[in-house]
Structures are given as structure tokens and as C-alpha cells.
Amino acid sequence: MTDRFHALAVATIRRIPEGRVATYGQVATLCGNPRAARQVVRVLHSCSENEQLPWHRVINAKGRISLSPGRGYELQQALLSDEGVEFRLDGSIDLQRFGWDGR
DNA sequence: CTCGTGACTCCCG
DNA sequence: TCGGGAGCCACGA
């Protein structure tokens, strides 16, 4: 399959439990390509055909929202906080608590 | 085909 | 904490 990564990424992202967050690298690794974080981003952009995709549960390795204010940052933060994810004063998330272990 | 760009990540200093 | 450089992959112009 040509889009196996895409399909795998979608499946993986859909597996992220509520109230938890996963990093791009995490998803990429579970898809078999630890270096394909950027491709995961593509998938998130392509979520048009998969609106069920919890894209808001995917953040960067720093535990922060990579989006810029006015580009969905507020939306993502709102969606996550609504699920019980706590943000620090600087807008970062404690991956030790809310990070998805991949199960 | 080449080039630029991107919701990335790792390594160094 | 911050910034620069390198790596990796896909897509559109």
C-alpha cells in the first residue's frame, strides 16, 4: 500500500485515549518511522476525510501545542482542557501525567 | 526534475 | 531557555 503510513497514522491517532496526548514522534514511531513526524503532520492536515480524528491530542515533543495563536491553538487547548488535560502557565503539558504510553 | 515549505525532532553550544 | 544546523518525508508550484 502506498498510503500505509497514512492509514497507520490515522489508526494510531484514533487510539489515543481521552484525556491523553501523544507527540508527533510517538505516532510516527508507532507507525514504524521514528523520523516521520512531519508526515504525521500531513495526516493531521488531511484529517478532512477523518474528522473523527482527535488531532487536538497530538502535540510536539516538548509537550506544547505547535500551533500559533489564531491558528487553532486556542481551540486545541480548549478541547484538551475539556478532556481534563492540564496546561502549565507557559502553555506546556506535563507529558509525565498526560502523555500517552502507546497503549 | 528541482525548490520551497511545513502543527517535527535531535544535537550542540 | 534559546537558537542554529542537520535529518527525513510528502506535496504543490
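Naming convention: chains lettered A, B, ... in sequence-line order (proteins, then strands); numbering from 1 in each chain.
Rounding to whole angstrom units, CZ of residue A/Phe5 and P of C/dC9 are separated by 10 Å. The distance from atom CG of A/Leu95 to atom C1' of B/dT9 is 14 Å, rounded to the nearest whole Å. Summarising the geometry, the separation between CH2 on A/Trp55 and C1' on B/dC8 is reported as 17 Å, rounded to the nearest angstrom. One atom, CD1 of A/Ile13, and another, C1' of B/dA7, lie 11 Å apart when rounded to the nearest Å. If you measure from atom CD of A/Gln77 to atom P of B/dA7, you get 18 Å, rounded to the nearest angstrom. B/dA7 atom P lies 11 Å from atom CG of A/Leu44, rounded to whole Å. Rounded to an integer number of Å, the gap from CG of A/Asn60 to P of B/dC10 is 10 Å. A/Glu74 has its CD atom 17 Å from the P atom of B/dA7, to the nearest Å.
The base of B/dA7 does not come close enough to the side chain of A/Tyr73 for any donor and acceptor atom to sit less than 3.5 Å apart.
Using a 4.5 Å heavy-atom threshold, the side chains of A/Gln77 and A/Ile65 count as touching.
Donor-acceptor pairing under 3.5 Å is recorded for the side chains of A/Glu83 and A/His56.
With P as the reference atom, B/dA7 and C/dG7 are 22 Å apart, rounded to whole Å.
Taking for each of A/Arg35 and A/Asp90 the nucleotide of DNA chain C with the nearest heavy atom, the 5'-most of the two is the partner of A/Asp90.
Contact between A/Arg20 and A/Val85 at its shortest, heavy atoms only, is N-CG2, 4.4 Å. Annotation for A/Val43 and A/Ala9: closest pair CG2-CB, 3.8 Å, computed over non-hydrogen atoms. Across all their heavy atoms, A/Ala22 and A/Val27 have their closest contact at CB-CG2, 4.3 Å.
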Could I get a table of every N or O pair under 3.5 Å where one atom is in the protein and the other is in nucleotides 1-6 of chain B?
{"from": "B/dG6", "atom 1": "N7", "to": "A/Arg38", "atom 2": "NH2", "distance (Å)": "3.4"}

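Hydrophobic cluster membership differs between A/Val41 and A/Leu8, with clusters built from Ile, Leu, Val, Met, Phe, Trp and Tyr side chains linked at under 4.5 angstrom.
Backbone-only engagement by A/Ala61 is indicated by non-hydrogen atom pairs under 4.0 Å involving sugar-phosphate atoms exclusively.
Side chain of A/Gln76 to main chain of A/Val58: a donor-acceptor pair is present (N/O by atom type, distance under 3.5 Å, no hydrogens or angles).
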